[in-house]
Amino acid sequence: MTVRAAAILKNRKVNGVSKPFTVDKHQAGTAWDWTRKEMGFLDDPEFVLHALRHTTATRLIDKGIDLYTVKEWLGHSTIQVTERYAHLNPVKLVHAATVLEVWVYKEPVLEV
């Protein structure tokens with residue numbers, strides 16, 4: 001949990017709110033529909049609320065956070081669920097080859 005999220009939850013508890021979210025599914029759906037409309041994605045069937053979790057997972061992995069940590073962060077039951085978000089970035093392949101080259105030759109080589 002981020003420091004910001006922890007502070008928000010702590011503040012809610014102080015103010016007598018026992019649950020982290022005070023909206024029901026209908027209210028969340030209405031808010032999401034409004035957001036989709038404002039962003040011009042109302043007719044996009046793939047622009048769903050769950051996409052935010054996907055974006056979070058992808059960004060964490062792209063920044064080098066390991067899959068196990070992302071699994072725990074998102075509350076996935078298995079690592080296989082988290083692996084769906086581990087899209088292989090071509091830059092990471094080049095980096096992996098560079099790491100091996102440095103290890104074998106003990107000096108950096110030019111990256112392509």
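Proximity of Asp33 to Lys37: side-chain heavy atoms (C-beta onward) are nowhere separated by under 4.5 Å. Taking 4.5 Å as the limit, every side-chain heavy atom of Lys13 sits out of range of all side-chain heavy atoms of Leu9. Inter-residue side-chain proximity for His76 and Val70 is flagged as unmet; no heavy-atom pair is nearer than 4.5 Å.
Between the CZ atom in Arg84 and the CG atom in Leu67 there is a gap of 13.0 Å [rounded to 0.5 Å]. For the atom pair His50 NE2 and Thr55 OG1, the distance stands at 10.0 Å (nearest 0.5 Å). Atom CD1 of Ile61 is separated from atom CD of Glu83 by 9.5 Å, given to the nearest 0.5 angstrom. Taking CD1 from Ile79 and CD from Glu72, the interatomic distance works out to 8.5 Å, rounded to the nearest 0.5 Å. Atom CZ in Arg53 sits 4.5 Å away from atom CG in Leu74 (nearest 0.5 Å). Remark: Leu42 CG to Phe47 CZ distance equals 11.0 Å, nearest 0.5 Å.
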When you look at Asp62 and Arg59, which way does the salt bridge (Lys or Arg N to Asp or Glu O under 4.0 Å) test go after all the steps?
-> CA-CA 5 Å; Asp62 282 350; Arg59 287 179 179 173; over 6 Å; no
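Between the side chain of Gln27 and the backbone N or O of Asp24 there is at least one donor-acceptor pair closer than 3.5 Å. In terms of modelled atom types and a separation under 3.5 Å, the side chain of Thr56 and the main chain of Leu52 share a donor-acceptor contact.
A continuous path of ILVMFWY side-chain contacts below 4.5 Å connects Leu49 to Met39, so both sit in one hydrophobic cluster.
Within a 6.0 Å radius of CH2 in Trp34, other residues, nucleotides and ligands contribute 12 heavy atoms or fewer.
Thr69 and Asp66 share a donor-acceptor pair across their side chains, judged by distance under 3.5 Å alone.
Nearest heavy atoms, Leu60 versus Trp73: CD1-CD1, 4.0 Å. In terms of heavy atoms, Pro45 sits closest to Val48 at O-CG1, 3.5 Å.
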